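Following: one structure in structure tokens, then a few remarks.
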Amino acid sequence: MGPKPSQPQTGELFGYPLRDHLNLKHPLILLGDRIQWERIDALVADQFKSRTGRPATSPRLIAGLLYLQHAFDLSDEEVVATWVENPYWQVFTGEIYLQTRPPIDPSSLTRWRKRLGEAGVEEMLSLTLVLAQELGMLRESSLKTVIVDTTVMPKAIAHPTDSRLLERTRQHLVKAARACGLKLRQSYSRVAPQLARQVGRHAHARQFKRMRNVLGKLRKRVGRIWRDIDRQREQVTGPLRQWLDDLMARAERILTQQPKDRNKLYALHAQEVECISKGKARNPYEFGVKVSITTTHREGFVVGARSMPGRPYDGHTLYEALEQASIVGDCRIDTAVVDKGYRGADVPGVRILRSGQRRGVTRGLKAMIRRRSAIEPTIGHMKTDGKLDRNWLKGALGDALHAVLCGAGHNIRLLLRRLQRRLRRFCAFILLSILACVRLMLPDRSEMTL
């Protein structure tokens, strides 16, 4: 059943609305009043075709919580708990009276992300750009010139080591056997953890030959458990069989993969994780997915953020990045400024300016190319102030949703910061005006002496 407008409860009928007690010039209240929430309502209306059952949660509440979560780098539990404590957040999400209980269970955000899908979160990102244009912080012509760059969005996994992967595989196989009612000859619950610890000690002491020997013993024991389950696999039927087959396939990949293999499995629960090297001295290898970020050339608003699975070459991601930016910004891209990693990339109808380019570069184009580095601090803020530095969402869909929501959160932070600057300037202007009026009203000291 679709969402219904909220009605005041019995205890709220004689209370005062929240707006009567709050500062209506607060940036969050100003943003909440200007965002076109009805576009999100229309987007999810088709998903509630049944007219029976409990009414769904308000889409404005969910979208507002997702905006706040990614703007202030909070988890699902933290954003719901802070919403109860902060009345400005409640007004931002459409509440009229003060609420003292959590509006939803934090797990509802997981289901709503799937319900919104990639199209829904892109609509949320587009709403931030429309709001920036209405507030005069973003020109429509600025959407035609963009900066594109790629980065790595790390996944929330432990650093992959062979000993840890083998031990986790053993634990999952033993649990799966118990869940399916299979009897194992031996689970190695005492020996295997000891071997895993011994591998780490030998590696720390740089005794690599001993380390490989112990690692081989651990792999043999995990292989025995895998073969024991494989012999009894026919006894399992129904949905459990499909789940067991998937786990066995992943465990077989971990048992057979070699250090120099491509498309290795780095986490048993996240098959989409990839090992990516961006040439950083402080962090040579990152485990996650490549993400393409697109920002406006002048103002720095994010107009596109798309996950690129498969570790593609940067130049091969440019077309998809510009396509998403044109859809989100509702504007055709004329010029894209990129770095040397996009060498050889060409998009029909779009002028590509690359760092280090010499041929046909005028003084104005040279200034545009020089400003390409402005996207680097944007990506840095999305990782330190936002949630781009660690993705907790599951699967390839979670990667796509998380990247776009990080862009929407960055735009909300920019809007809040620039609204605060405007308010400070306005207050300073009013104060100076009052001082000037008072100075005019005071009598001249020269006349007083006469």
Side-chain angles (χ1 to χ4, degrees), residues 1-48 51-72 74-113 115-116 120-121 123-128 130-132 134-135 405 408-409 411-413 415-420 422-423 426:
M1 191 176 195
K4 291 185 177 181
S6 61
Q7 301 293 334
Q9 303 297 322
T10 305
E12 298 172 345
L13 293 176
F14 303 100
Y16 291 99
L18 273 173
R19 292 176 178 267
D20 294 347
H21 301 273
L22 301 179
N23 176 20
L24 299 183
K25 296 295 183 180
H26 193 278
L28 275 177
I29 296 181
L30 296 177
L31 290 185
D33 294 340
R34 301 294 293 271
I35 295 179
Q36 301 177 9
W37 303 103
E38 59 276 4
R39 290 175 54 176
I40 299 179
D41 297 340
L43 186 67
V44 300
D46 297 337
Q47 302 185 13
F48 301 103
R51 299 192 178 276
T52 59
R54 178 184 176 184
T57 309
S58 169
R60 174 175 178 175
L61 171 65
I62 300 298
L65 288 175
L66 291 177
Y67 277 138
L68 295 170
Q69 177 185 18
H70 286 267
F72 297 100
L74 302 174
S75 64
D76 292 350
E77 293 78 10
E78 290 172 343
V79 69
V80 173
T82 309
W83 183 91
V84 179
E85 302 172 358
N86 196 324
Y88 288 100
W89 285 24
Q90 297 184 17
V91 175
F92 178 76
T93 54
E95 293 293 337
I96 300 176
Y97 300 95
L98 180 66
Q99 304 296 320
T100 57
R101 295 181 179 180
I104 57 172
D105 190 86
S107 61
S108 297
L109 292 176
T110 302
R111 292 186 288 272
W112 267 95
R113 288 191 198 97
R115 183 173 293 166
L116 288 172
V121 294
E123 185 69 18
M124 292 177 57
L125 178 60
S126 179
L127 288 178
T128 61
V130 173
L131 180 58
E134 292 180 356
L135 295 175
L405 287 173
N411 289 347
I412 291 294
R413 284 194 302 273
L415 291 171
L416 291 174
R417 191 178 302 119
R418 296 182 183 184
L419 277 176
Q420 290 173 353
R422 283 188 179 182
L423 291 175
F426 178 75

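All of these numbers come straight from a predicted model, not from anything done at the bench.
The salt bridge (Lys or Arg N to Asp or Glu O under 4.0 Å) check on Arg111 picks up nothing, with sequence neighbours excluded. Qualifying side chain to side chain contact (heavy atoms under 4.5 Å, CB included) partners for Asn86, counting only residues two or more places apart in sequence or in other chains: Tyr88, Trp89. Every residue meeting the side chain to side chain contact (heavy atoms under 4.5 Å, CB included) condition with Pro27, not counting sequence neighbours, appears here in chain and number order: Leu416, Leu419, Gln420, Leu423. Judged as a ring pair (Phe, Tyr, Trp, His ring centres under 6.0 Å), and not counting sequence neighbours, Trp112 has no contacts. Partners of Arg417 according to the side chain to side chain contact (heavy atoms under 4.5 Å, CB included) rule, which considers only residues two or more places apart in sequence or in another chain, are Arg413, Leu414, Arg421. With sequence neighbours excluded, the residues that form a side-chain hydrogen bond (donor to acceptor under 3.5 Å, both in side chains) with Asp33 are Arg19. In this structure, the side-chain hydrogen bond (donor to acceptor under 3.5 Å, both in side chains) partners of Glu134, at least two apart in sequence or on a different chain, are Gln36. For Arg418, there are no side-chain hydrogen bond (donor to acceptor under 3.5 Å, both in side chains) partners two or more places apart in sequence or in a different chain. Here Ser126 pairs with nothing under the side-chain hydrogen bond (donor to acceptor under 3.5 Å, both in side chains) rule; sequence neighbours left out.
The closest side-chain heavy-atom distance from Ile62 to Tyr67 is not below 4.5 Å. Residues Leu131 and Asn411 have side chains not in contact (no heavy-atom distance under 4.5 Å, counting atoms from C-beta outward). Contact check for Leu18 versus Tyr97: no side-chain heavy atoms found under the 4.5 Å cut-off. Val84 has its side chain out of reach of Arg101: every pair of non-hydrogen atoms, C-beta onward, lies at least 4.5 Å apart. Side-chain contact check for Leu28 versus Val91: every heavy-atom pair is 4.5 Å or farther apart. Counting heavy atoms from C-beta outward, Ser108 and Thr57 have side chains that stay 4.5 Å or more apart.
To the nearest 0.5 Å, atom CG of residue Leu31 and atom OG1 of residue Thr128 are 10.5 Å apart. Summarising the geometry, atom CZ belonging to Arg60 is positioned 11.5 Å from atom CG belonging to Leu65; distances are rounded to the nearest 0.5 Å. Separation of atoms CG (Leu125) and CD1 (Ile412) is listed at 10.0 Å; rounding is to 0.5 Å. Taking CG of Leu68 as the start and OG1 of Thr93 as the end, the distance is 7.5 Å to the nearest 0.5 Å.
Pairing each heavy atom of Asn23 with each of Ile29, the nearest pair is O-CD1, 3.3 Å. Nearest heavy-atom pair, Leu61 versus Pro103, reported as atom, atom and distance to 0.1 Å: CD2-CB, 3.7 Å. The shortest heavy-atom contact between Leu43 and Gly120 is CD2-CA, 3.2 Å.
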**Leu405 and Met124: CA distance, side-chain angles, deciding distance, side chain to side chain contact (heavy atoms under 4.5 Å, CB included) verdict** = CA-CA 8 Å; Leu405 287 173; Met124 292 177 57; 4.1 Å; yes

**Request:** Check step by step if side chain to side chain contact (heavy atoms under 4.5 Å, CB included) holds for Val79 and Leu109.
**Result:** CA-CA 10 Å; Val79 69; Leu109 292 176; 4.0 Å; yes

**Worked check of side chain to side chain contact (heavy atoms under 4.5 Å, CB included) between Leu116 and Leu66** = CA-CA 11 Å; Leu116 288 172; Leu66 291 177; 3.9 Å; yes

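For Gln90 (side chain) and Glu95 (main-chain N/O), no donor-acceptor pair under 3.5 Å exists by modelled atom type.
Note on residues 27-46: pairs passing ring pair (Phe, Tyr, Trp, His ring centres under 6.0 Å), not counting sequence neighbours, are Trp37-Phe92. Applying the salt bridge (charged side-chain N to carboxylate O under 4.0 Å, His left out) test to every pair with at least one member in residues 74-94, sequence neighbours left out, gives these pairs: Asp76-Arg113.
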